[in-house]
Protein chains: 2
Amino acid sequence: MTNATGPTRIQRRNTSLILEAALEVFSSQGFGGATLDQIARHAGLSKPNLLYYFASKEAIHAALLDGLLETWLDPLRALDPAGEPVDEIVAYVLRKLEMSREFPRESRLFANEILQGAPRIGGMITGELKRLVDEKAALIASWQAAGRVAQLDPHHLIFSIWATTQHYADFDVQVRGILDPAGDAHFARAAVFLEQLFRGALMPREDFVKIHAS
Amino acid sequence: MTNATGPTRIQRRNTSLILEAALEVFSSQGFGGATLDQIARHAGLSKPNLLYYFASKEAIHAALLDGLLETWLDPLRALDPAGEPVDEIVAYVLRKLEMSREFPRESRLFANEILQGAPRIGGMITGELKRLVDEKAALIASWQAAGRVAQLDPHHLIFSIWATTQHYADFDVQVRGILDPAGDAHFARAAVFLEQLFRGALMPREDFVKIHAS
DNA sequence: CGTGATCCTGACCGTTTGGTCAAACAATTT
DNA sequence: AAATTGTTTGACCAAACGGTCAGGATCACG
């Protein structure tokens, strides 16, 4: 039965094998399109063995999302009230872009979930996520009130950061189809572009004039 | 058998019922997650009746995408070499945002397809789409060479326009979960924001200084 | 009103789906 | 090495899947 000594080596290894395989399959097929057989094959385990570690397909999916949500919101949490506003926001953009490069499957997993109406994480959006976004939007608004950032709707600013950065993970196939490269070269260009885009839009107007008038 | 007089009234009505239902289901479940029974129920037809009009599930999906691709690329095609550069690009942004508001399901259908690796429209991306994007990117580059638009990578500029505008369709649930509104009110704010964002980033630096130095 | 073409459906088929289970197998403890 | 616990699997199940088909209903038109 349940054991107080925690998960065994085998348990840790297999649950992680399963979650890795599930990430691969769910992120590229969506929940409905994924099958336990696919996940089992990717994990190198038998289907009944999956269901020894997880109660159901839903349970695997839930465990995946649960384990990822925290990591996913960390960059936004790191937005520092004490920092230089424009630099803070630009750093957030680049951190988010980096996550799209390093964890594209995780991004696609969330994208799939939200595209399909967020049936399994709806509560988290209107709860934890909304609280965090409202808090950081208020922070940006306070920066704007102090004249340290250009006046742009803070909520929509955050949306635009999500949209532009996650685009490189979620629409990877399209991006690669249009720019030919097989590697990660376009991420460097994307970083330059996004920094220009947001720095240009965020820099307080007076500062901008000062710099360019000289 | 085949008739030279074209489709009958019934054919037109039912194929359109089926495509409308398929759009609803495919866009919210993905191809793999959708079932013929769901589509049939939404269309108010029996499953065998669907298959009287379309040879297979794949055929319905293909017909949907085929009929939509042209419409979807029209706003980009409309980017006019003869127009005022910044206004042209901003107009494109707003047109694209309007499409996200009016046709969110179409946007999600494409998003689902590309998220899942574009297995069914891959050729179109590296063909027709790439040609169009390259052409318009060259147009923007020529505007930049003439000093009429700020220097920003044109391809990534187009990506960022797609990303920011389609975000309001594809991630609708998330946007609505964070801003409370049930209606379309946030689209007006999004339009203002996106115009600020892109106009600020696109305006040639010299013009900007001129305007704000006075 | 008849007749040929079009349209529609209930019953059915083979396969795949998520999930179960008893029994075999391996690890660990005593 | 025996006993206990934890792990794995082949065989199996009911339901749902995409798709077929023979035949009945409905239509357009002379």
Side-chain angles (χ1 to χ4, degrees), chain A residues 1-65 112-113 116 119-120, chain B residues 1-65 112-113 116 119-120:
Chain A
M1 282 276 158
T2 332
N3 195 341
T5 52
T8 68
R9 241 160 292 129
I10 298 179
Q11 275 167 0
R12 252 195 304 276
R13 187 177 144 278
N14 283 351
T15 53
S16 118
L17 271 177
I18 292 168
L19 289 176
E20 155 67 24
L23 175 61
E24 187 70 29
V25 176
F26 281 136
S27 70
S28 75
Q29 309 281 133
F31 181 82
T35 74
L36 287 178
D37 293 272
Q38 281 177 299
I39 298 173
R41 214 178 313 123
H42 268 85
L45 300 174
S46 69
K47 188 171 63 169
N49 206 5
L50 291 199
L51 294 160
Y52 172 74
Y53 289 100
F54 292 91
S56 65
K57 183 185 175 184
E58 286 249 359
I60 300 177
H61 194 252
L64 246 192
L65 288 172
N112 258 309
E113 177 66 10
Q116 311 192 354
R120 282 163 268 272
Chain B
M1 281 279 156
T2 332
N3 194 342
T5 52
T8 69
R9 239 161 293 128
I10 297 179
Q11 275 169 0
R12 253 196 303 276
R13 186 177 147 277
N14 283 352
T15 53
S16 118
L17 272 177
I18 292 169
L19 289 176
E20 154 67 26
L23 175 60
E24 187 70 30
V25 175
F26 282 135
S27 71
S28 75
Q29 310 279 132
F31 180 82
T35 73
L36 287 177
D37 293 88
Q38 281 177 297
I39 298 173
R41 213 178 314 123
H42 267 84
L45 301 172
S46 68
K47 187 171 64 170
N49 206 6
L50 291 198
L51 295 159
Y52 172 73
Y53 289 101
F54 291 92
S56 67
K57 183 184 174 184
E58 287 249 358
I60 299 177
H61 194 252
L64 246 191
L65 288 171
N112 257 308
E113 177 67 11
Q116 310 192 354
R120 281 164 269 271

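Since the structure is predicted, the reported quantities are computational estimates derived from the model, not experimental observations. Lettering of chains follows the sequences in order, A, B, ..., and the numbering in each one begins at 1.
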Which distance, rounded to the nearest 0.5 Å, do you find between the CG of Asn14(A) and the CG of Leu19(A)?
11.0 Å

Measuring from Arg120(B):CZ to Phe31(B):CZ, what's the distance to the nearest 0.5 Å?
4.5 Å

Output every pair passing side-chain hydrogen bond (donor to acceptor under 3.5 Å, both in side chains) with a member in residues 20-30 of chain B, not counting sequence neighbours, ordered by first then second residue.
Glu20(B)-Arg105(B), Glu24(B)-Arg105(B)

In residues 42-52 of chain A, what donor-acceptor pairs under 3.5 Å come from side-chain atoms, sequence neighbours left out?
| unit_1 | atom_1 | unit_2 | atom_2 | d |
| --- | --- | --- | --- | --- |
| His42(A) | ND1 | Gln38(A) | O | 3.3 |
| Ser46(A) | OG | Asn49(A) | N | 3.3 |

Could you check how far CZ of Arg13(B) sits from P of dT6(C), rounded to whole Å?
19 Å

To the nearest 10 degrees, how far apart in direction are the end axes of the helix from dC1(C)-dG30(D) to dT30(C)-dA1(D), each fit to five base pairs?
10°

The correct set of residues in residues 44-63 of chain A placing a heavy atom under 4.0 Å from DNA chain C is Lys47(A), Pro48(A), Leu51(A), Ser56(A), Lys57(A)

Starting at CG of Leu65(A), measure out to CD1 of Ile60(A) and round the result to the nearest 0.5 Å.
12.0 Å

For a quick test of reading the model, state the closest non-hydrogen atom pair linking Phe54(B) to Ala63(B) and the distance between them.
CE2-CB, 3.7 Å

Which word best sums up how the rings of His61(B) and Phe26(B) line up, parallel for under 30°, tilted for 30 to 60°, or perpendicular for over 60°?
perpendicular

So does Gln11(B) get a side-chain nitrogen or oxygen closer than 4.0 Å to the phosphate oxygens (OP1/OP2) of dC7(C)?
yes

Report all interatomic pairs (protein N or O, nucleotide N or O of nucleotides 23-30 of chain D) with separations under 3.5 Å.
| unit_1 | atom_1 | unit_2 | atom_2 | d |
| --- | --- | --- | --- | --- |
| dA28(D) | OP1 | Arg9(B) | NH1 | 3.3 |

Can you tell me the distance, in whole Å, between the CZ atom of Arg41(A) and the P atom of dT17(C)?
8 Å

Measuring from atom CD1 of Ile18(B) to atom CG of Leu23(B), what distance do you get when rounded to the nearest 0.5 angstrom?
13.5 Å

So which heavy atom on Arg12(A) is nearest to which on Thr15(A), and how close?
O-OG1, 3.2 Å

Please list, by residue number, the residues of residues 27-39 of chain A whose heavy atoms come closer than 4.0 Å to an atom of DNA chain C; answer none if no residue qualifies.
Ala34(A), Thr35(A), Leu36(A), Asp37(A)

Strictly below 4.0 Å: does Asn14(A) bring a side-chain N or O up to OP1 or OP2 of dT8(D)?
yes

